[in-house]
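Whatever order the structure lists ligands and atoms in, that order sets their numbers, starting from 1. Sequential numbering from 1 along the given sequence is applied to the chain's residues.
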Amino acid sequence: MIRDLTAVLGSAHRAVLFRYLVALFAYAVAQGLSVALLVPVLSDLLTGDTGGAARWTGWLAGAVLVTLGLHYVQAMLGFQVALVILTTLHHRLGDHVAALPLGWFDGTTVGRLTRMGTKSVLSIAGSCAHLLQPLVTGVLTPATVVVVMLFLDWRLGLATLVCSPLILFAARLSVRLLNRMDELNDAAGVEASGRVLEFARNQPVLRAFGRTTDGYAPLEAALEEQRAASRKQVWMSVPGMLLGGFAVQVCFSALIGVGASLALDGAVDPVELVALLALVARFAGPLAEVGDFAAVVRAARNDMGRVRAVLEEPPLPEPERSAPVVVPGAVEVDGVRFGYPGRGGRSGEVVLEDVSFTVAPRTVTALVGASGSGKTTLTRLIARFFDVDAGTVRVGGVDVRDQSTAALMEQLSLVFQDVYLFDDTLIGNIRVGRPDADEQDVLEAARLAGVDEIVARLPEGWETRVGEAGTSLSGGERQRVSIARALLKGAPIVLLDEATAALDPENEAYVQRSMDALRATSTLLVIAHRLSTVTGADQIVVLDEGRVAERGTHQELMALDGHYARFWNERHRALGWRIAAGTS
Ligand SMILES: Nc1ncnc2c1ncn2[C@@H]1O[C@H](COP(=O)(O)OP(=O)(O)OP(=O)(O)O)[C@@H](O)[C@H]1O
Ligand SMILES: [Mg+2]
């Protein structure tokens, strides 16, 4: 746990933690010593040596005062550590997350981060202030008592020494049992809440298929599983909880037995025995309590583990100095192999293999290929959401790994299918493309992309809030906003994933117009779904199962009569079909 804490705190704050631990250890030992001083006080009192008792009581009072002082010091230092955690952990997490590859952020990681920023950090801070202290005193105070007993009577001391691992072992075993049950229950809980979310999200689908009255089988199953896990947890926890207390009782009885037989043999003074047993009683309690803290310790450790996992996630290696752009607007993919990072950071199944092509500045390249052939993945690699496993991606003539994220992003505009709209006005959402743009430029970009046409239909015009809590826009409209952002940014290279849904003629006209505007100033790499984009491209790259199958212009590829000709004929037929259906 302390190792987790130092990892989470970072090297800059180790000193604070170290000071706290020293004070805490001193406090625990002092507490043990003051308890041990009871023995001479008691035995002197019982034998009627009032002078000796008074002297020892003086020592005892001194020890208690020192203990009190140390208690205060360690408590203050504990709060200081907690405060440091609260103030630095958010910054550490924020700094680290900003350096992580964009590909790291998906649905689950975002959820994890949210939880971490709120709950976990608080729990870690709290664990320092409230948890470490009972844990350390629970172990160190009894240990001090044992050492003192060894001095006073080595036989009883030895017996106590033998007992302590037993008590600790029983406590640990019981913790482990409880742990296991908690984990099972946790997993069932996570599964069930996932299913509840799914059930809520998929209401439209479920209703469309009339699946609301007879329940949703996966959810029912998950809930039943959770019920079963809870029941099992209750039953299985009982032996775990009893075990710790039972061990303490057994050890205490054994020690009394040892002490009594020693006293009967005359090896120990009965008076001293009573005093020593008082010590033992003080010794067993805290040790068993350590087990009681197990649940809290476990939660804190889990939280620390989660934070640590994020902090240890390798950031994108960035060069000390960003290499300057050599060929503005050029994109080169050279012998690239890539598989999405699986568990444990290893690359999973290969998604792209030996992909090579170049895009000259100010030209249009259309990427086509079946669903799952790797088109989106390729654009993610160009924007360095991930690093390639082999080969090189060059943007502006320079390996993306030799550029800082800022320098790379300055050259790129991304228009992807899943457009995120901020909960802001439309103007605000377009301005994201270039925050310092003046009003005129924003409006011009909006007009080119056809956003002004959307505005005309909105209740509050330009001031309408869109995005999460505001008015929803259709997929085509969202993409228009995203294109307006790209137009405003004016980056030398635009990566565009065209909307898959068939665009209505009006939308189509706006997309065409903005693409014409974009190609006048930028290099365009388009995942093309519209036939006009494909035929108008300077170069078409056909991907098939992660490899470049064909490359060339429309005429060249049609003449090949291969993948591309098939793709084209199918699309054409589908289009003809749709138009025919529309006119009949
Ligand atoms: N985040 C991811 N993690 C793991 N595998 C992924 C991820 N995204 C895509 N894949 C896999 O990589 C392969 C290529 O996917 P990609 O999205 O690049 O295809 P695509 O050509 O864009 O398809 P579509 O035309 O349907 O958009 C697929 O097998 C897909 O399952
Ligand atoms: Mg795709």
Are Gln479 and Glu498 linked by a side-chain donor-acceptor pair shorter than 3.5 Å? no
Measure from the Mg ion (ligand 2) to each N, O or S atom of Thr376 and report whether any distance is below 2.8 Å. yes
If you count the atoms of ligand 1 from 1 in the order shown, which ones are under 4.0 Å from a heavy atom of Thr377? 14 (C), 15 (O), 16 (P), 18 (O)
Looking only at side-chain N and O atoms, does Ser373 offer a donor or acceptor that is under 3.5 Å from a partner on Glu545? no
Which option out of Phe385, Phe338, Tyr340 puts a heavy atom nearest to atom 11 (C) of ligand 1? Tyr340
Sub-4.0 Å heavy-atom contact, Ser373 with ligand 1: yes
Which label fits Phe567 and Tyr564: parallel for a plane angle under 30°, tilted from 30 to 60°, or perpendicular past 60°? tilted
Heavy-atom contacts under 4.0 Å between Val351 and ligand 1: side chain, backbone, both, or neither? side chain
Distance filter under 4.0 Å to Ala370 heavy atoms, resulting ligand 1 atoms: 21 (O)
Using a distance-only test with no angle check, is there a side-chain donor-acceptor pair under 3.5 angstrom linking Arg530 and Thr533? yes
Within-cut-off N or O pair, Gly372 and ligand 1, under 3.5 Å: yes
Any N or O of His529 closer than 3.5 Å to N or O of ligand 1: no
May I ask you to list the atoms of ligand 1 that are less than 4.0 angstrom from any heavy atom of Arg380? 8 (N)
Do other residues, nucleotides or ligands put more than 12 heavy atoms under 6.0 Å from the CZ atom of Arg321? no
Could you see which bit of Glu349 sits under 4.0 Å from ligand 1, with heavy atoms only: side chain, backbone, both or neither? neither
Minimum heavy-atom separation for Arg434 to Leu488, with atom names? NE-O, 3.0 Å
Quick one about Gln539 and Thr363 (side-chain donor to acceptor, distance below 3.5 Å, no hydrogens or angles considered), yes or no? no
